Each structure stands twice: as C-alpha cells, then as structure tokens.
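Questions regarding the structure given below will be posed in turn.
Only a predicted model underlies this, so the values are computations on that prediction, with no experimental measurement involved.
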Amino acid sequence: MNVRYLRSAVGLALDRGDFGVAVAGEVLELPRELALAAERLGVYTPEDLLAMIGTFPEAIAHELGWQPEEVETAFSGLRATLRGHLPQDVLEPEEHETPPTGALCPWEVPALPARR
C-alpha cells in the first residue's frame, strides 16, 4: 500500500535527528511542528516531503531550528520508515548531473570552419 497523504498527529514527538513520523494506512503522520513546517514550505504529499528535504535540507533545518546534519540523520530515518510504502525510485532518486549553463570558456569553443 502506498502512503499518499500527510497529516499532523497527536502523540508524535519531534526530536533533533528524528522526525518522529509514523505510517497509518495511506497516511504519513507527522508531529505537529513538522506538519506546520511542511505546510509553510508548500509540501502536502509524502513524495514532496522527501524531495524537498533531499534537495533543500537547510530549508527544513531553518524551519525547525535544527542543524543540517540533524536533518540528514532524520531524513535517513524517514526513508527507512517509508521503505515498502513508497516506490524505491521515490525513496532513492537517481542523481542527475547538472547540465552546464552560461557561456563557454573561449578556449573550449570548437574552431569554426573559415568562411570563403
């Protein structure tokens, strides 16, 4: 069964390095502080939560008043909790090489054929 929704849950505790989440059927239950932080960041699904934390750990660290290292530890626990509830490619997305942007260095531009 896939987890599809986020919900704030009473009785769950947020602790530095541990998001304190629980899976209940199709719902990923979050401690109130994490649910509020996710809402402020525009995150409403488990997939989006994973993507946001994986891409911008500093954003959730700022919202929670944590250090980025604490978020990384909690993120590992979150992925472990969701294993078997979400597809593997969502839990461990393939990293893509960043495409180059901007102008090339002049010495890297291939020579153009001479005009006649």
Side-chain angles (χ1 to χ4, degrees):
M1 180 180 301
N2 284 350
V3 176
R4 299 173 49 192
Y5 308 103
L6 298 178
R7 176 176 67 200
S8 178
V10 175
L12 295 179
L14 187 66
D15 192 22
R16 289 183 176 273
D18 182 7
F19 289 134
V21 300
V23 175
E26 292 186 332
V27 178
L28 178 61
E29 295 183 330
L30 311 175
R32 184 174 187 274
E33 299 88 351
L34 182 57
L36 292 173
E39 186 176 340
R40 285 190 299 269
L41 293 168
V43 174
Y44 301 101
T45 68
E47 292 90 347
D48 289 345
L49 183 64
L50 286 168
M52 190 276 305
I53 295 171
T55 306
F56 304 108
E58 296 85 6
I60 196 75
H62 175 75
E63 288 292 326
L64 298 175
W66 289 10
Q67 295 299 314
E69 299 80 25
E70 295 168 325
V71 171
E72 291 294 332
T73 301
F75 185 50
S76 294
L78 174 63
R79 287 194 318 253
T81 299
L82 290 172
R83 199 164 313 284
H85 299 282
L86 288 176
Q88 186 63 27
D89 63 332
V90 172
L91 294 171
E92 304 284 342
E94 187 177 315
E95 290 191 28
H96 299 284
E97 191 174 312
T98 305
T101 58
L104 295 174
C105 294
W107 53 86
E108 292 178 358
V109 177
L112 297 174
R115 290 189 174 173
R116 294 187 191 183

Interatomic distance, L36 atom CG to L14 atom CG [nearest 0.5 angstrom]: 10.5 Å

Minimum-distance pair of heavy atoms, taken over all atoms of G25 and V3: O-CG2, 4.1 Å

Least distance between heavy atoms, T73 atom then G17 atom: CG2-O, 3.6 Å

Polar side-chain atom of R79 near backbone of L50 as donor-acceptor pair, under 3.5 Å: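 Not confirmed, R79 side chain does not pair with L50 backbone.
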
Which atom of R16 lies closest to which atom of G65, heavy atoms considered: NH2-O, 2.9 Å

Rounded distance [0.5 Å steps], CZ in R7 versus CG in L12: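 Answer for the CZ-CG pair, R7 versus L12, is 9.5 Å.
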
Within 6.0 Å of CZ in R32, more than 12 heavy atoms from elsewhere: no

L64-L28 co-clustered via ILVMFWY side chain contacts under 4.5 Å: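 Yes: a chain of side-chain contacts under 4.5 Å links L64 to L28.
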
Heavy-atom closest contact (I60 atom, A37 atom, distance): CD1-CB, 3.9 Å

Ring pair (Phe, Tyr, Trp, His ring centres under 6.0 Å): pairs with one or both residues in residues 25-48, sequence neighbours excluded: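 Every candidate ring pair (Phe, Tyr, Trp, His ring centres under 6.0 Å) pair involving residues 25-48 fails, so no pair, neighbours aside, qualifies.
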
Distance, nearest 0.5 Å, that separates CD of E70 from CG of D18: 11.5 Å

Any pair counted as ring pair (Phe, Tyr, Trp, His ring centres under 6.0 Å), so long as it reaches residues 4-27, sequence neighbours left out: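 For residues 4-27, and leaving out neighbouring residues, the ring pair (Phe, Tyr, Trp, His ring centres under 6.0 Å) pairs sorted by first residue read F19-W66.
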
Taking every non-hydrogen atom, the tightest pair across P46 and L86: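 In this case the closest contact between P46 and L86 is CB-CD1, 4.2 Å.
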
Pairs flagged by salt bridge (charged side-chain N to carboxylate O under 4.0 Å, His left out) wherever residues 42-68 is involved - sequence neighbours left out: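 Matches after skipping sequence neighbours: R40-E63.
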
Minimum side-chain heavy-atom gap E92-R83 below 4.5 Å: yes

